[in-house]
Amino acid sequence: MENRPQWGTRAGFILAAVGSAVGLGNIWRFPATAYENGGGAFFLPYLFALLTAGIPLLILEFTMGHKFRGSAPTSFSRLSKGTEWLGWWQVAISFVISTYYAVIIAWAMAYAVFSFKLTWGENTEGFLFSEYLKLAEAPGQMGSIVPSVIIPLVIVWVITLGVLIAGVKKGIELANKIFIPALVVMFLIIVVRALTLDGAAAGLDAFFKPDWTKIADGKVWVAAYGQIFFSLSIAFAIMITYSSYLPKKSDITNNAFITGFSNSAFELLAGIGVFSALGFMAAQAGVPVKEVVSGGVGLAFVVFPQIINQLPALNGLFGFLFFACLVLAGLSSLISIIETYVAGVQEKFNVSRTTSVVLGGGIAAIISLLFATQGGLFYLDVADYFINNFGVALAGLFEVITVAWIVKELKSFQSHADAVSDIKLGLWWRICLAVITPVVLGYMMFDNLRTNLTSEYGDYPREFIFSSGWSVALGAILIGVLFSIKKKSQHLSS
Ligand code: PFF
């Protein structure tokens, strides 16, 4: 425990936490989610979710890591022996996410190169699915490995595992100190360019125009909480692990506010950039903005290439910057999520950091090959949906209920955080975690379950949903329990 690695500087920790939070979720998820859920009016539930769940949970996770100085499983077991499984469950969820997140970064890397020659041509959709991904005809057909995906995928794994082997200070901290400032500068260039395009104003108008009628809809609030959870990397075991490397004298609460607000600022910036560009595209096509709005894979790999095609000048450079931003934002999140199992395995099995990276990262890299096959996109879509809805959100619910109601440690966590932080926590913090968050997450789970038990996500065949969705989400729980049952290895301990 004494030899635990530490962040070199406070800024290093904050950059790493922000690096984890700022990911694909900010760039391709937030803008479309905000638009669909009331535009400007969405900011109300969004801010509410940030202040009542996002930042309070971030403070909780930072406190846990700082207090117990261990990976998520170790921290939970120090909280109370019986809760170790919860830590492993979160680690298992993170493991699954890392296997497909790496593949998306690989696509972005390939597209960064394609930008220079506009390789995708006029039919960007056809290019993505038929030529680049060589997508299988039906879900569940695996087909062969796609060479144009596997080459960048190998590069992604080499960089990520290389950074992790180099350690907390010389690897993770250093990488984030380079990636995050570079990301911000490059992204600002994109936003300024997008803002000066014809039609940008119409795009922004569509984005910010509030639709107050939506506010009364429970779904909008669920969407706000979902976005905050995913975006802040909460209940992924990440923030507990990262804060376990904080020196004893470190501010907790202030750091959580800085991380939360920085992440939201980047989200807003992404909304402005994406909608300016969508406004430009709509103007070029002579259609209303609402017809070109999209999110996720479609936004990044179909719509953006179209926008890049139509730019008046320097298309290649703009395209490169956009995809490079996805790569940087993605890599810093990927590093954080893999660190959860690197640290967990290292502590449980008493092995060196390198062994743990090679073993854990190696297995993840092999599994990620599944998503680099022709059927990859279907597996990815379903696994992503289920692991988020029945993994992250559910684990978050268990986490708050455990701390607030089962082991009843909120008060002692509050004194721990207050002892080192500038900002002192009040009753509001405990109410947010003990009442508001469980109620909202509980409702969210109920709603999710109801939807998924009555209809099949994405109209996929039932067997496919079962084999690639439910079994992945349930498998993560099972793995969590199995790992927690196993005794900690004692040999080699120093
Ligand atoms: N906060 C991240 C995002 O917005 O993309 C969520 C995340 C996803 C973190 C995947 C880490 C990760 F590997």
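All ligand and atom numbering here is 1-based and tracks the order in the structure. Heads up: numbering here begins at 1 and tracks the sequence. A quick note: this is a predicted structure, and the numbers were derived from the prediction, not measured.
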(request) Mind listing the closest non-hydrogen atom pair of P152 and Y132 along with its distance? (result) CG-OH, 4.3 Å

(request) Starting from atom 6 (C) of ligand 1, locate the nearest protein heavy atom and write down its residue, its atom name and how far away it is, to 0.1 Å. (result) F230 O, 3.3 Å

(request) Measure the distances from the heavy atoms of S233 to every atom of ligand 1 and state whether one is below 4.0 angstrom. (result) yes

(request) Ignoring hydrogens, just give me the one of F266, F236, W28, F229 whose non-hydrogen atom is nearest atom 7 (C) of ligand 1. (result) F236

(message) Using a 4.0 Å cut-off to any heavy atom of A21, which atoms of ligand 1 qualify?
(response) 1 (N), 2 (C), 3 (C), 4 (O)

(message) Can you confirm whether the side chains of Y46 and T33 place a donor and an acceptor under 3.5 Å from each other?
(response) no

(request) Kindly confirm or rule out an N or O of L24 lying under 3.5 angstrom from an N or O of ligand 1. (result) yes

(request) Using a strict 4.0 Å cut-off to heavy atoms of S333, name the atoms of ligand 1 that fall inside it. (result) 9 (C), 11 (C), 12 (C), 13 (F)

(message) Using ring centroids (six-membered ring only for Trp), state whether F398 and W89 fall under 6.0 Å.
(response) yes

(message) Suppose I only count heavy atoms of S20 and a 4.0 Å limit; which atoms of ligand 1 are within that range?
(response) 1 (N), 2 (C), 9 (C)

(request) Give yes or no for whether the N/O distance cutoff of 3.5 Å, strictly under, is met between I238 and ligand 1. (result) no

(request) Would you check whether I97 has a nitrogen or oxygen atom less than 3.5 angstrom from a nitrogen or oxygen atom of ligand 1? (result) no

(request) Of all the heavy-atom pairs spanning E84 and P73, show the shortest one and how long it is. (result) CG-O, 3.6 Å

(request) Name the closest protein heavy atom to atom 12 (C) of ligand 1, giving the residue it belongs to and the distance to 0.1 Å. (result) I337 CD1, 3.4 Å

(request) Check whether the ring centres of Y111 and W120 lie less than 6.0 Å apart, and answer yes or no. (result) yes

(message) Considering both backbone and side-chain atoms of G25, is one of its nitrogen or oxygen atoms within less than 3.5 Å of a nitrogen or oxygen in ligand 1?
(response) yes

(request) Would you mind running through ligand 1 and noting each atom that sits below 4.0 Å from a heavy atom of N26? (result) 4 (O)

(request) Mind listing the closest non-hydrogen atom pair of Y460 and P139 along with its distance? (result) CD2-CG, 3.6 Å

(message) Quick test: of every protein heavy atom, which one is nearest to atom 10 (C) of ligand 1, and how far off is it to 0.1 Å?
(response) Y101 CE1, 3.2 Å

(request) Work out which heavy atom in T63 is nearest to a heavy atom in F413; give both atom names and the distance. (result) CG2-O, 3.6 Å

(message) Give me the atom names and distance for the closest heavy-atom approach of G23 to S333.
(response) CA-OG, 3.6 Å

(message) Going by side chain to side chain donor-acceptor pair (under 3.5 Å), S244 matches just one of H66, R4, E347, K67. Which one?
(response) R4

